[in-house]
Amino acid sequence: MKKTILIIVATLLFGCSATPNLSTEAIEVQSENLNKHWEMMSKSFSFSSPSNVVKRPKGYVKVRYLIDSNGKVFNPAIVESVPEGVWDDQGLKAVKQMEYKPSESNINRVPVYVTTQFYFGNSV
C-alpha cells in the first residue's frame, strides 16, 4: 500500500511537470535575429504588478530563455539586471507570458535560446 501511494505521488510530482518539445537541438540566436526563427504571437501584453513597483528605480533586466518547437517559453534565467535584483521578478513574469509562432523560414521549428532585455520605469 505504501509503495502504491509513493508511486502515485511520484507520478503526480514528476509526470505533470512541463518539459520542452525539442524537434532538434536548440541554437543560440541574438535577439535582433529572433524574428528569422520565431515571431511573438502578441506584440504587446500586460500584467498586474505589485503596488511597490512604482517606488522602484528605473532599470532593466536581461532574461535568457528557451523557445521550444511549439513556441513555448522554458527555462527563463536572469543574466543581468540593473539595479541588481530590483526588476527580476517582473522580467521573469513578462517572459512567462510570451508565446511564439515559427517564422516562415523556420519550417522545421528549430528551438532557440535567446536573451531579451526588458526596460522598466522610463527608458534607461
Side-chain angles (χ1 to χ4, degrees):
M1 181 69 164
K2 287 183 183 180
K3 189 175 183 179
T4 303
I5 293 173
L6 181 61
I7 291 171
I8 292 171
V9 170
T11 302
L12 290 174
L13 289 175
F14 301 111
C16 295
S17 63
T19 57
N21 178 2
L22 304 176
S23 60
T24 64
E25 187 173 340
I27 61 171
E28 190 81 32
V29 298
Q30 299 298 315
S31 61
E32 59 269 12
N33 296 324
L34 179 60
N35 63 350
K36 295 178 183 176
H37 303 276
W38 294 93
E39 298 173 6
M40 195 181 317
M41 291 176 68
S42 174
K43 297 296 179 193
S44 65
F45 55 89
S46 64
F47 51 85
S48 60
S49 299
S51 59
N52 68 348
V53 269
V54 292
K55 299 175 186 171
R56 298 181 192 184
K58 58 186 172 184
Y60 68 90
V61 176
K62 289 183 181 179
V63 183
R64 182 176 185 264
Y65 53 95
L66 169 68
I67 302 171
D68 80 349
S69 297
N70 292 328
K72 305 285 186 199
V73 172
F74 288 89
N75 308 329
I78 304 296
V79 294
E80 183 180 336
S81 63
V82 174
E84 187 174 340
V86 172
W87 291 102
D88 293 5
D89 61 329
Q90 298 302 297
L92 292 172
K93 197 174 191 180
V95 168
K96 290 176 184 174
Q97 289 198 8
M98 298 162 76
E99 193 169 354
Y100 293 87
K101 63 181 179 181
S103 66
E104 289 182 18
S105 62
N106 190 8
I107 58 174
N108 293 326
R109 298 175 163 259
V110 175
V112 300
Y113 283 103
V114 65
T115 300
T116 300
Q117 187 164 328
F118 298 94
Y119 291 98
F120 297 97
N122 297 325
S123 297
V124 175

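Small disclaimer: the values here were computed from a predicted structure and weren't measured. Along the sequence shown, residues are numbered consecutively beginning with 1.
The CG atom of Asn33 lies 10.0 Å from the CD1 atom of Ile27; values are rounded to the nearest 0.5 Å. Note: Leu66 CG to Glu28 CD = 10.0 Å, rounded to the nearest 0.5 Å. The CD atom of Gln117 sits 7.0 Å away from atom CD of Glu80, with the distance rounded to the nearest 0.5 Å. Remark: Ile67 CD1 to Tyr113 OH distance equals 11.5 Å, nearest 0.5 Å. Between the NZ atom in Lys36 and the CD atom in Glu104 there is a gap of 15.0 Å [rounded to 0.5 Å]. Here the straight-line distance linking atom NE2 of His37 with atom CG of Asn108 works out to 12.0 Å at 0.5 Å rounding.
Side-chain atoms of Arg64 never come within 3.5 Å of backbone atoms of Ile78 as a donor-acceptor pair (strictly under, hydrogens ignored). Checked by atom type and distance alone, the side chain of Trp87 pairs as donor or acceptor with a backbone atom of Pro57 at under 3.5 Å. Looking at Asp68, its side chain does come within 3.5 Å of a backbone N or O of Asn70 through a donor-acceptor pair. Checked by atom type and distance alone, the side chain of Ser31 never pairs as donor or acceptor with a backbone atom of Thr116 at under 3.5 Å. Of the possible donor and acceptor atoms, one in the side chain of Trp38 sits under 3.5 Å from a partner among the backbone N and O of Val110. Within the 3.5 Å criterion, the main-chain N or O of Arg109 finds a donor-acceptor partner in the side chain of Ser23.
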For Glu99 and Met40, run side-chain contact (heavy atoms from CB on, under 4.5 Å): C-alpha distance rounded to whole Å, both residues' side-chain angles, the deciding distance at 0.1 Å, then the answer.
CA-CA 6 Å; Glu99 193 169 354; Met40 195 181 317; over 6 Å; no

Set out, in order, the CA-CA distance, both residues' side-chain angles and the distance that settles side-chain contact (heavy atoms from CB on, under 4.5 Å) for Arg56 and Gln90, then state yes or no.
CA-CA 11 Å; Arg56 298 181 192 184; Gln90 298 302 297; 3.7 Å; yes

What do the steps show when you test Asp88 against Ser81 for side-chain hydrogen bond (donor to acceptor under 3.5 Å, both in side chains), and what is the final call?
CA-CA 7 Å; Asp88 293 5; Ser81 63; 3.0 Å; yes

Step by step, would you call Val79 with Val63 a side-chain contact (heavy atoms from CB on, under 4.5 Å)?
CA-CA 6 Å; Val79 294; Val63 183; over 6 Å; no

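Side-chain heavy atoms closer than 4.5 Å link hydrophobic residues (I, L, V, M, F, W, Y) into clusters, and following such links, even through other members, never connects Leu22 to Val73. One hydrophobic cluster, built from ILVMFWY side chains closer than 4.5 Å, cannot hold both Val112 and Phe74; they sit in different ones.
Using the six-membered ring where Trp is involved, Tyr119 and Tyr60 have ring planes that are tilted, between 30° and 60° apart.
Of all non-hydrogen atoms in Pro76 and Tyr65, the two that sit nearest each other are CA-CB, 3.9 Å. Among all heavy-atom pairs drawn from Gly59 and Pro83, the shortest one is CA-CD, 4.0 Å. For Gly91 against Phe118, the heavy-atom pair with the smallest separation is O-CE1, 4.2 Å.
The 12-atom threshold is exceeded at CD of Glu32, counting heavy atoms of other residues, nucleotides or ligands nearer than 6.0 Å.
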